[in-house]
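Shown next, in structure tokens, is the structure this report addresses.
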Amino acid sequence: MVLTHTDHGLYCAAGDFFIDPWQPVARAVISHAHGDHARAGSAAYLCATPGESILRLRMGPEAHIETAAYGQTLRLNGVAVSFHPAGHILGSAQVRVAHDGEVWVVSGDYKTEPDPTCAPFESVAADTFITEATFGLPIYRWQPSAAVFDQINAWWRANQTAGRTSVLFAYALGKAQRILAGVDAAIGPIYVHGAVHRLNAAYRAAGVPLPHWRYAGDAPPDQDWSQALVIAPASTQGTPWLRRFGDVSAAFASGWMRVRGQRRRRSVDRGFVLSDHADWPGLLAVIAATGAGRVLVTHGYTAVLARYLRENGREAYELNAPYSGESLDEAANEGAPEAH
Amino acid sequence: MRAFADLYFALDATTRTNDKVAAMRAYFDATPPADAAWAVYFLSGRRPKRLLSALLLRRWAAELAAIPEWLQEEAYHAVGDSAETAALLLPEAARAGERPLHAWVEEAILPLREKDEAGQRATVLDAWAELDDPQRYVFNKLITGGFRVGVSQRLLMRALAEAAALPEAAIAHRLMGAWEPTPEFYATLVHPDELRGEDAGRPYPFFLAYPLETDPATLGDVADWQVEWKWDGIRAQLIRRDGQTFLWSRGEELVTERYPEVVEAATALPDCVLDGELLAWDFDANRPRPFARLQQRIGRKNLGRKLLAETPVVLLLYDLLEWAGEDWRERPLTERRAQLEAIVNAAASPWLPLSAVIAAPAWADLVSLREESRARGVEGFMLKRRASPYRVGRRRGDWWKWKIDPFSIDAVLIYAQRGSGRRASLYTDYTFALWDGEGDDRHLTPFAKAYSGLTDAEMREVDRFVRNNTEDRFGPVRSVRPELVMELAFESIQASNRHKSGVAVRFPRILRWRHDKRPEEADTMATLRAMIPDL
Ligand SMILES: [Zn+2]
Ligand SMILES: [Zn+2]
């Protein structure tokens, strides 16, 4: 066993490090900076180079962070460790661990669709592949993101005509920047919440081209918002912070919006199906491409995906993260940092 | 059908009434009568009976998606709705069709009824091949009998009135009663000429009261209000026109044949339209019997002599809508009431009593009198502004129902089930139990299901509790450790041999979560049984 499942998370005994541990440890290898993968308190962190600034933003200035470029192999106590793009958010990586001729790949969160704010997913051959399954049900199939951005642009324009502020809820890390890069910025001014503002700056500093945005907190009190698109974390929904925008049309951008019940539960006017996770066909294609003889499934619809893989002739098991005390849909909220 | 599916999702997406009206108005403006008629039909809550089972639909979709049965079931559990699950599982449509709504309904959907399963399957698969996701959802909902739209009758009428440039009351009137969704119907519905011949039996829309949730003193001078008891029966409209009699219930159902004693008595009335309440009546005590007795008559078409003798029904009258062929709804209540009294007194039939007006010098007198409601077999008071017209639908301001507080009891949550629709991912449907028996035999007996009353946060907390404290599973139901105590409210209670507990309660709902009570401290079946009124 290259990696074992412990109460602190995935552990490599030979290399003496953890991957995405959920308790503080001596050495944490981090797939990406979302709150359910990167937790504060560990003595040393190792992440892919493009993710450093975001991880630093979340772990604090004192955190000890080392980095490695995508594809560069490090030796940790003789174990070969390398990062490979996961296409999920800026700096997100699959972690490849090779020891004694056996290769394990931990996917972290991933998507296969192109995203201008991060390096595209790269398939990595593995003996054992540990995959996420956030959207591990065949009802989850994504449209190409260009079609979704057409819908968002059309909604924004219609709101302008109706004199309503367009408020789009999205996870502050990753989704917000992908939306900023994807919408037609010529339609009108784009404002963001403070949490998004800080992360945008980190993205831009890392060299990701983003169109011009403004921090909503800097706007004068008599600001006319009716032509604006406001990008804010979902945690602001129903809070006084939104009051300044007057008459708004609220929307939520998430893979969960594929299901009508989820749209209604969020009580937003519109749901845009835009996810930073792989859809069902994406999961199956990635798993097949690894050529893995064994697949471990974590995060989301683990039992469903594992059973489906087994029935299709692959050795597959569930690898359960500790019970988070939240129901499935909330635990798997695409790693919203504001959920913590 | 694309335009209708777009309308459905536009209505589904917003809670703003103006946006809903605008969406419907735009649809009616752009839609030919043949489609508009069906849209009115569906938007007004009418729908074809279930044509095939939802499970069958999911199975066919799973077949096309090439996924196994268990995976289809998992998908259904996540979505909580069969029609939607099927739509989401299906592969992309092979071709884009542009068949209009009426063609889909008349040529594909309704003929499903005459087909065997193989024929139904062929029709459905053929439809799926040319419909996109939103249209498939609407199509699936229509054929499984589950089509519902979040618009009230009033909003639909407002949109039609705007589209037709007619007063809402005219549209409301034309929509009442029975009609077929034909292009001719739609043409007459929006026809500018108000003098077209109305059917003799066409009822008026009912005016419905709002619950009073504040101190009645905020309504101003008690002298401006007509006070009556709030009766616990079935709202009904009695129509006498050209010597014919029609009796409509509030569900807009023609129930003339179900209450022959009332219709017989009505032959003594001149031409008029009256509003009142059907009640099972105790002539000896001169008071209504509990609603449970009236229930024995509801839905019964074959009325035995014995049933008619044991459970007679009266129509207790409280308003006059039409007199001598003239619509009286705009006249003030005082004027309508005076004429109603004259009509009822002239008929002098025990089957057509008058709802008494309660004299109240001050609001305080009513507060004490209201305490007698339960003993009198009524639900509290109706407060009607004397100067008010008879309005359409549920409107705030002129009619208030001032109901007595519901029954309540502290019960233990013992089973939970996932909700449907927007609550499909949470355990939100609960079964509650009360303590029964003594000593070693003391056990919990389930007596009521309740779905509503908790906040979203509380619901998530219960959901967590259910997931962590499941003792057993039967299908979708989980039995949980009996630990949570909730106060339930309900409107009425009766003995029932169809329920395991021997008791049936009406409209149970959760009042609050009793964090302060341990399960042992919940109420007993004996306490509940003591609430049953003597019939
Ligand atoms: Zn995650
Ligand atoms: Zn993530």
Side-chain angles (χ1 to χ4, degrees), chain A residues 133 135-143 147 151 155 158-159 162 164 237-238 247-252 256-273 279-281 284 300-312 323-332, chain B residues 8-10 12-16 18-19 22 58 61-62 64-81 83-92 132-134 137 141 150 418-428 456 459-468:
Chain A
F135 290 105
L137 278 176
I139 52 170
Y140 292 110
R141 275 177 302 149
W142 313 146
Q143 284 183 288
Q151 294 163 17
W155 163 75
N159 291 336
R164 269 182 203 142
Q237 196 181 2
D247 190 11
V248 306
S249 175
F252 188 48
W256 300 113
M257 297 298 102
R258 174 97 167 127
V259 175
R260 176 173 174 271
Q262 292 281 356
R263 290 199 296 277
R264 296 185 67 84
R265 224 158 74 86
R266 289 280 174 178
S267 39
V268 284
D269 299 311
R270 283 293 295 272
F272 297 110
V273 186
D279 61 3
W280 174 259
L284 298 182
Y301 288 99
T302 52
V304 172
L305 183 57
R307 178 172 173 189
Y308 185 80
L309 292 171
R310 278 197 302 277
E311 289 190 359
N312 286 274
Y323 187 61
S324 66
E326 295 285 323
S327 54
L328 187 63
D329 52 314
E330 283 155 337
Chain B
Y8 173 86
F9 283 100
D12 193 49
T14 182
T15 52
R16 293 186 180 90
N18 285 342
D19 288 2
R58 280 186 350 238
L64 291 181
I67 59 163
E69 170 79 10
W70 67 266
L71 187 50
Q72 170 273 107
E73 290 282 347
E74 290 285 350
Y76 170 61
H77 277 299
V79 175
D81 180 281
E84 186 182 4
T85 307
L88 294 179
L89 285 176
L90 287 168
E92 297 279 310
D132 60 11
D133 272 8
Y137 174 83
K141 280 289 186 191
R418 281 190 224 234
S420 54
R422 77 187 194 101
R423 305 228 179 277
S425 60
L426 293 179
Y427 284 89
T428 55
D456 280 6
M459 242 179 268
R460 281 196 295 272
E461 209 179 327
V462 175
D463 177 73
R464 228 166 3 243
F465 174 86
V466 170
R467 287 165 198 271
N468 286 333

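Here the structure is a predicted model, which means the values were calculated and not measured. Within every chain, numbering begins at 1; the chains are lettered A, B, ... in the order of the sequence lines, protein sequences first and strands thereafter.
Using a cut-off of 4.0 Å between Lys/Arg side-chain N and Asp/Glu carboxylate O, R260(A) and D81(B) are scored as not salt-bridged.
Listed for the D269(A) side chain is no donor-acceptor partner under 3.5 Å among the backbone atoms of A251(A).
The two residues L88(B) and R141(A) have their closest heavy-atom pair at O-NH2, 2.8 Å.
R263(A) is linked by a salt bridge (charged side-chain N to carboxylate O under 4.0 Å, His left out) to nothing, counting only residues two or more places apart in sequence or in another chain. With sequence neighbours excluded, the residues satisfying side chain to side chain donor-acceptor pair (under 3.5 Å) with W155(A) are S249(A).
Comparing L137(A), I139(A), V268(A) by heavy-atom pairs within less than 4.5 Å of chain B, the highest count is held by I139(A). Of the listed residues (T85(B), L90(B), T14(B)), the one with the most heavy-atom contacts under 4.5 Å to chain A is L90(B).
Interface remark: A75(B) contributes backbone and side-chain atoms alike to the contact with chain A (heavy atom separation under 4.5 Å). In this structure, chain A has a heavy atom under 4.5 Å from the side chain of D19(B), while its backbone stays farther away. The part of E84(B) that comes within reach of chain A is its side chain, from C-beta onward, which places non-hydrogen atoms under 4.5 angstrom from that chain. Contact annotation for I67(B): only side-chain heavy atoms (C-beta onward) come within less than 4.5 Å of a heavy atom of chain A.
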